2 protein chains.
Amino acid sequence: MAVTPRPYHHGNLRVALLEQAERTLADGGDLSLRELARQIGVSHAAPRRHFAGKQALLDALAEDGFERLGTELRGALADADGFDARLLAFARAYVQFATEHAALLELMFAGKHRPGAAPSLRAAADRAFETPLALIVEGQAGGDVAPGDPERVGMVAFAAAHGIAALANNQMLGDFDLDDLVENAVERLILGLRPR
Amino acid sequence: MAVTPRPYHHGNLRVALLEQAERTLADGGDLSLRELARQIGVSHAAPRRHFAGKQALLDALAEDGFERLGTELRGALADADGFDARLLAFARAYVQFATEHAALLELMFAGKHRPGAAPSLRAAADRAFETPLALIVEGQAGGDVAPGDPERVGMVAFAAAHGIAALANNQMLGDFDLDDLVENAVERLILGLRPR
DNA sequence: ACCTGAACACCGTTCAAGT
DNA sequence: ACCTGAACACCGTTCAAGT
């Protein structure tokens with residue numbers, strides 16, 4: 001047994017901080033930088049070598065979140081054929097990610113609009129939303145969705161998915177089954193998006 | 001001129017705290033209890049006589065917010081005739097309140113799902129949402145909305161309004177005109193809600 | 001290069017004490 | 001009844017100093 005009584009410390013404090021932060025976030029904790037350092041076994045000033053401040057750590061977490069969301073969305077759409085099934089798959093995947101990582105999602109959106117947010121954060125967010133945007137374009141090409149700027153036309157669908165996720169995370173859905181609500185909403189959106 | 005050199009203090013610290021908190025919130029400030037007390041000219045422990053803690057003050061703020069939202073929604077619907085116009089009026093009023101009071105709205109929804117939140121907070125929220133719910137019931141009676149549990153059927157519309165407001169508050173609407181997006185979303189929702 | 005330890009200016013909450 | 005002032009246990013951030 002090597003003794004290693006807190007040697008000089010870590011080879012990878014940066015990722016250790018991010019992982020511990022994610023765990024705390026998932027547990028509903030309060031994400032204090034000092035507490036994070038304590039849990040990892042490092043002085044409270046050590047994180048400063050790796051993150052300019054607390055906000056920088058939060059931004060890194062949010063950026064990772066957008067990348068994972070993008071991956072989930074791409075994966076969900078890869079398994080679905082036809083516009084209706086693909087819209088449902090998108091909505092399900094979005095709501096599932098949002099409810100499984102409620103605190104992270106809040107952080108992702110709170111971070112995105114911060115004035116001094118890193119361009120890489122915004123880029124990661126844009127990449128995550130490429131998939132649903134492409135879905136609307138597809139739908140237009142196949143005659144399932146009314147013509148027009150795809151962002152403008154598809155906004156109602158994205159907003160509804162985001163809204164259902166937000167309402168679910170705030171316990172505003174009462175006794176309703178989340179998946180049933182998503183299905184129902186998607187049915188109505190499919191009708192509403194059609195060309196007239 | 002009466003001198004009143006900080007007499008013994010205030011007749012109405014409770015409302016003074018709430019008003020100052022609302023101002024700070026609207027200015028994008030951080031809402032520290034000590035700072036609030038400082039601005040009002042009272043010791044940092046004085047608020048304790050009126051609010052059990054910081055969270056209790058936030059809950060009171062949220063409750064007031066739901067009451068004001070309810071008033072806005074009722075007022076908006078009172079001026080609109082016909083289901084389509086009324087749904088548009090609701091969506092506009094909701095999005096306007098949400099974007100005009102972005103920080104307050106966040107607080108309102110964050111407070112609602114807190115385990116120990118006061119029943120009066122939940123009641124105020126329910127009252128605010130009575131109006132849109134009644135609108136769906138009206139729409140069903142008039143043949144504009146598909147039958148079924150009105151909460152379930154109307155959820156897509158409420159979620160879309162909430163989602164658009166959330167996206168607007170997070171600067172996710174790009175160059176789009178907010179009112180144009182709301183109008184477009186409502187048009188699609190009207191189609192999607194119809195009985196088939 | 002990477003980390004520590006002390007310091008600074010804040011928090012929210014509690015509690016004896018004042019009027 | 002209502003408020004004060006000191007105290008406690010925390011924060012985030014900064015910075016000289018250590019290895």
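Values in this document were obtained by computation on a predicted structure and should not be read as measured data. Letters A, B, ... mirror the listed sequences (proteins, then strands); counts begin at 1.
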> What does D:dA9 pair with, Watson-Crick or G-U, if both distances are under 3.5 Å?
Replying inline: none
>> Between B:His50 and A:Leu33, which residue's closest nucleotide on DNA chain D lies nearer the 5′ terminus?
In response: B:His50
> Is there side-chain contact between A:Leu69 and A:Tyr94, with at least one heavy-atom pair below 4.5 Å?
Replying inline: yes
>> Nearest heavy atom decides the nucleotide; on that basis, is B:Arg38 or A:Ala45 closer to the 5' end of DNA chain C?
In response: A:Ala45
>> How many whole angstroms separate atom CD of A:Gln39 from atom P of D:dC11?
In response: 10 Å
> Is there side-chain contact between B:Arg188 and A:Leu189, with at least one heavy-atom pair below 4.5 Å?
Replying inline: no
>> Can you tell me whether the side chain of A:Arg48 and the base of C:dT4 have a donor-acceptor pair closer than 3.5 Å?
In response: no
> So B:His162 and B:Phe158, would you call those rings parallel, tilted or perpendicular, with 30° and 60° as cut-offs?
Replying inline: parallel
>> In whole Å, I'd like the distance from the CZ atom of A:Phe51 to the C1' atom of D:dT13.
In response: 16 Å
> So what's C:dC3 paired with, Watson-Crick or G-U wobble, going by both distances under 3.5 Å?
Replying inline: none
> Roughly how many Å is it from CG in B:Leu31 to P in C:dC11, rounded to a whole number?
Replying inline: 11 Å
> Rounded to whole angstrom units, what separation is found between the CD1 atom of B:Ile40 and the P atom of D:dC2?
Replying inline: 16 Å
>> Using heavy-atom distances to pick each residue's nearest nucleotide on DNA chain D, tell me which of A:Arg49 and A:Glu35 is more 5'.
In response: A:Glu35
> Quick one: B:Asp30 CG to D:dT13 C1', roughly how many Å, whole number?
Replying inline: 15 Å
>> I need the NE2-P distance between A:His44 and C:dG5, as an integer number of Å.
In response: 9 Å
> For C:dA17, which nucleotide is its Watson-Crick or G-U wobble mate, given both distances must be under 3.5 Å?
Replying inline: none
>> Starting the side chain at C-beta, find the nucleotide from D:dC3, C:dC11, D:dT13 nearest to B:Ser32.
In response: C:dC11
>> Can you confirm if the aromatic rings of A:Phe109 and A:His113 lie within a centre distance of less than 6.0 Å?
In response: no
> Separation of A:Asn12 atom CG from C:dC2 atom C1', in whole Å?
Replying inline: 13 Å
>> So if I take every side-chain heavy atom of B:Leu13 and compare against C:dA6, D:dC3, C:dC11, which nucleotide ends up nearest?
In response: D:dC3
> Considering only C:dG12, C:dC3, D:dG12, which nucleotide approaches the side chain of A:Val42 most closely?
Replying inline: C:dC3
> Just how far, in rounded Å, is P of D:dA7 from CZ of B:Arg34?
Replying inline: 13 Å
>> Quick one, B:Leu36 and B:Gln39 - any side-chain contact, counting heavy atoms below 4.5 Å?
In response: yes
